[in-house]
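Keep in mind that this is a model prediction, so the values were computed, not measured.
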Amino acid sequence: MPTAMDKNKKRPLRIKIISMGNAEAGKSCVIKRFCEKRFVHKYLATIGIDYGVTRVTIKDRDVKVNIFDMAGHPIFYEVRNEFYKDTQGAIIVYDISDRSSFEALDSWIQEMQNETGNQTDVDNVVVCVCGNKTDKKRSVDELEGRLWSETKGFLFFETSAQTGDGVAEMFQALFDAVVVAAENGGKKAPIQTQLGYSKEQADAIQKLKSAKSDYERLGLIPGATKEDVNRAYRKLAVLLHPDKSVAPGSEEAFKLLVASRTALLKRC
C-alpha cells in the first residue's frame, strides 16, 4: 500500500523561472532551443513578457516549469517588475560577442533585488548565468564570465542557441538546483563551483592574453632594464605557473609570459 511519502513523491511540482538580460542577448532563443528544439534565425524582440510551460522529470518527480521570458529593453521595466516576486530560478543571459551585455549583469541583479524586496527571497533564487552565442567572435573571455558568476555563488554555462551547445546541460543544472531548493523548504543548496583560483590570477591571465606588446604583458615601459624584466617575470610566474594555478588559461598565459620575457631580455 502506498505511503504518504510515496504519494508526495508522485505529486507534480510547480516551479517558476524567469529570464533576464539585455535585449538581443538571446534569452528567447535559448528558451526556444530548449523547449522547442529549434533556433529562430530572425530576431523578434520580446514585447513585455512571453510566457511558456514545459514539463520535465527531475529526480523521479514530475515538474511543471513556468517560464517567464522578460523583455530586456528598458521601456519594459514597468512590466518586468511585476514578475520577480516568488521566482525560484533565474537565467541571466549575456552575449559573449557584446561586452556591454556582460557589463550590464550587475544592474540586472540589482533590479531583481530591488523588485523582490525581501533579501531572504533573493538569496534563495537559484541564478544561472548564461554566456550565449559561443558561435560568434568572443568579446568576453569564459574565465571572466565564470569568475563573475561563481564568486557570487551562481551557476555558469556558456551556450549557443544556434547550435544547441550547452543549452540542455544548463537547464538541467538549473532545474536540479531549483527542485532541491523546493524540497528543502525554499532554501537553495550551496553551488559547487569550479573556482580554485583567485581574482588576481584571473586578472593576470586576462591581461597577458589581451596585451598588445611584450612590455604591456609584464607591466613595464620601454627602456626597462634586465632586472626590471626579471623582477616582473618572477612575480607573474609565481602567480601563474601551471603547476600552481588551476585557473583556466594558465598554461597559455604562462607561455605568453615566457615568450615576452625572452623577447625583452634580447632587447635590453
Results of side-chain contact (heavy atoms from CB on, under 4.5 Å) for Lys207 - residues two or more places apart only: none
Residues that Tyr215 engages under ring pair (Phe, Tyr, Trp, His ring centres under 6.0 Å), provided they are two or more places apart: none
Run the salt bridge (Lys or Arg N to Asp or Glu O under 4.0 Å) test against Lys133 and tell me which residues pass, sequence neighbours left out. Asp95
Sequence-distant partners of Asp135, salt bridge (Lys or Arg N to Asp or Glu O under 4.0 Å), two or more places apart: none
Go through the structure and list residues passing ring pair (Phe, Tyr, Trp, His ring centres under 6.0 Å) with His241, not counting sequence neighbours. Phe254
Lys59: which residues meet the side chain to side chain donor-acceptor pair (under 3.5 Å) condition with it, sequence neighbours left out? none
Salt bridge (Lys or Arg N to Asp or Glu O under 4.0 Å) assessment of Arg138 paired with Glu144: CA-CA 12 Å; Arg138 178 184 294 277; Glu144 192 172 6; over 6 Å; no
Distance in Å, Lys235 NZ paired with Leu257 CG, rounded so as to fall on 0.5 Å steps: 12.5 Å
Within a radius of less than 6.0 Å around CZ of Arg14, do more than 12 heavy atoms belonging to other residues, nucleotides or ligands occur? no
Shortest non-hydrogen separation from Gly26 to Val93 and the atoms involved: C-CG1, 4.4 Å
CD1/Ile75: more than 12 non-hydrogen atoms of other groups inside 6.0 Å: yes
Grouping I, L, V, M, F, W and Y whenever their side-chain heavy atoms are under 4.5 Å apart, do Val167 and Val56 come out in a common cluster? yes
Show your working on side-chain contact (heavy atoms from CB on, under 4.5 Å) between Ser139 and Asp98 and close with a plain yes or no. CA-CA 6 Å; Ser139 293; Asp98 176 12; over 6 Å; no
Are Val53 and Phe83 co-members of a hydrophobic cluster defined by side-chain heavy atoms under 4.5 Å apart? yes
Do other residues, nucleotides or ligands put more than 12 heavy atoms under 6.0 Å from the CD atom of Glu200? no
Looking at every heavy atom in both Lys27 and Gly21, which two are closest together, and how far apart are they? NZ-O, 2.9 Å
If you define the side chain from C-beta out and look only at heavy atoms, does anything of Lys32 sit under 4.5 Å from Phe39? no
Any sub-3.5 Å donor-acceptor pair from Ser250's side-chain atoms to Ala247's backbone N or O? yes
What pairs of residues pass the salt bridge (Lys or Arg N to Asp or Glu O under 4.0 Å) test when at least one of them lies in residues 161-183, not counting sequence neighbours? Arg61-Glu183
Between Met170 and Val30, is any pair of side-chain heavy atoms under 4.5 Å apart? yes
Please enumerate all residues that pass ring pair (Phe, Tyr, Trp, His ring centres under 6.0 Å) together with Phe157, with sequence neighbours excluded. none
Please evaluate residues Leu13 and Ile15 with respect to the criterion side-chain contact (heavy atoms from CB on, under 4.5 Å), reporting the C-alpha separation (whole Å), side-chain torsions for both, the decisive distance (0.1 Å), and the verdict. CA-CA 7 Å; Leu13 177 68; Ile15 63 175; 4.1 Å; yes
So, do Val125 and Gln88 sit near enough that their side-chain heavy atoms are less than 4.5 Å apart? no
Using modelled atom types only, decide if a donor and an acceptor are shared between the side chain of Glu251 and the backbone of Pro242 within a distance under 3.5 Å. no
Is the shortest heavy-atom distance from the side chain of Ile18 to the side chain of Lys16 under 4.5 Å? yes
For the atom pair CG (Asp141) and CD1 (Ile205), what is the distance rounded to the nearest 0.5 Å? 9.0 Å
Any side-chain heavy atom of Asn230 within less than 4.5 Å of one from Leu265? yes
If you draw the axis of the six-membered ring of Phe34, does the NZ or CZ of Lys37 fall within 45° of it and under 6.0 Å from the ring centre? yes
Glu227 meets the side-chain contact (heavy atoms from CB on, under 4.5 Å) criterion, sequence neighbours left out, with Thr225, Arg231
Any side-chain heavy-atom pair of Lys137 and Ser97 under 4.5 Å: no
So Gln110 and Asp106, side chain to side chain donor-acceptor pair (under 3.5 Å) or not? Walk me through it. CA-CA 6 Å; Gln110 187 62 54; Asp106 281 309; over 6 Å; no
Grab the two heavy atoms, one from Gly131 and one from Ile96, that are nearest each other, plus how far apart they are. C-CG2, 3.7 Å
Parallel, tilted or perpendicular for Phe171 and Phe175, by the 30°/60° rule? tilted
According to side chain to side chain donor-acceptor pair (under 3.5 Å), who are the partners of Glu36, at least two apart in sequence or on a separate chain? Arg38
Could you go step by step and tell me if Tyr233 and Val258 meet the side-chain contact (heavy atoms from CB on, under 4.5 Å) rule? CA-CA 8 Å; Tyr233 168 80; Val258 172; 4.0 Å; yes
Closest non-hydrogen atom pair, Cys128 against Leu174: CB-CD1, 4.1 Å
Can you check whether Ile92 reaches Val127 side chain to side chain, under 4.5 Å on heavy atoms? yes
Which pair of heavy atoms, one from Ala224 and one from Cys268, lies closest together, and at what distance? O-SG, 3.4 Å
Just do the side chain to side chain donor-acceptor pair (under 3.5 Å) check on Asn66 and Tyr51 with the steps written out, would you? CA-CA 7 Å; Asn66 299 279; Tyr51 171 74; 2.6 Å; yes
Under the 6.0 Å and 45° cation-pi test, does Arg146 pair with Phe156? no
Set of salt bridge (Lys or Arg N to Asp or Glu O under 4.0 Å) partners for Asp214, sequence neighbours left out: Arg217, Arg267
Trp108 versus Asn22: any side-chain heavy-atom pair under 4.5 Å? yes
Give a yes or no on whether Lys209 atom NZ has more than 12 heavy-atom contacts from other residues, nucleotides or ligands under 6.0 Å away. yes
Minimal heavy-atom distance between Leu218 and Val229, with the atoms involved, is CD2-O, 3.6 Å
Could you grab the distance from atom CE of Met20 to atom CG of Leu105, nearest 0.5 Å is fine? 9.0 Å
Pair Tyr77-Glu111, side-chain donor/acceptor within less than 3.5 Å: no
Residues that Ala204 engages under side-chain contact (heavy atoms from CB on, under 4.5 Å), provided they are two or more places apart: Leu236, Leu239, Leu240
Consider only side-chain heavy atoms of I, L, V, M, F, W and Y, link residues closer than 4.5 Å, and tell whether Leu143 and Leu256 are in one cluster. no
Exceeds 12 heavy-atom contacts within 6.0 angstrom, atom NZ of Lys64: yes
Mind checking the CD1-OG spacing from Ile31 to Ser19? Nearest 0.5 Å is all I need. 4.0 Å
Using the side-chain contact (heavy atoms from CB on, under 4.5 Å) rule, take Val179 and Val63 through it: C-alpha gap first, then chi angles, then the decisive distance, then the call. CA-CA 8 Å; Val179 168; Val63 180; 4.0 Å; yes
Apply side chain to side chain donor-acceptor pair (under 3.5 Å) to Tyr94 and Glu103, showing your working. CA-CA 9 Å; Tyr94 69 93; Glu103 293 172 346; over 6 Å; no
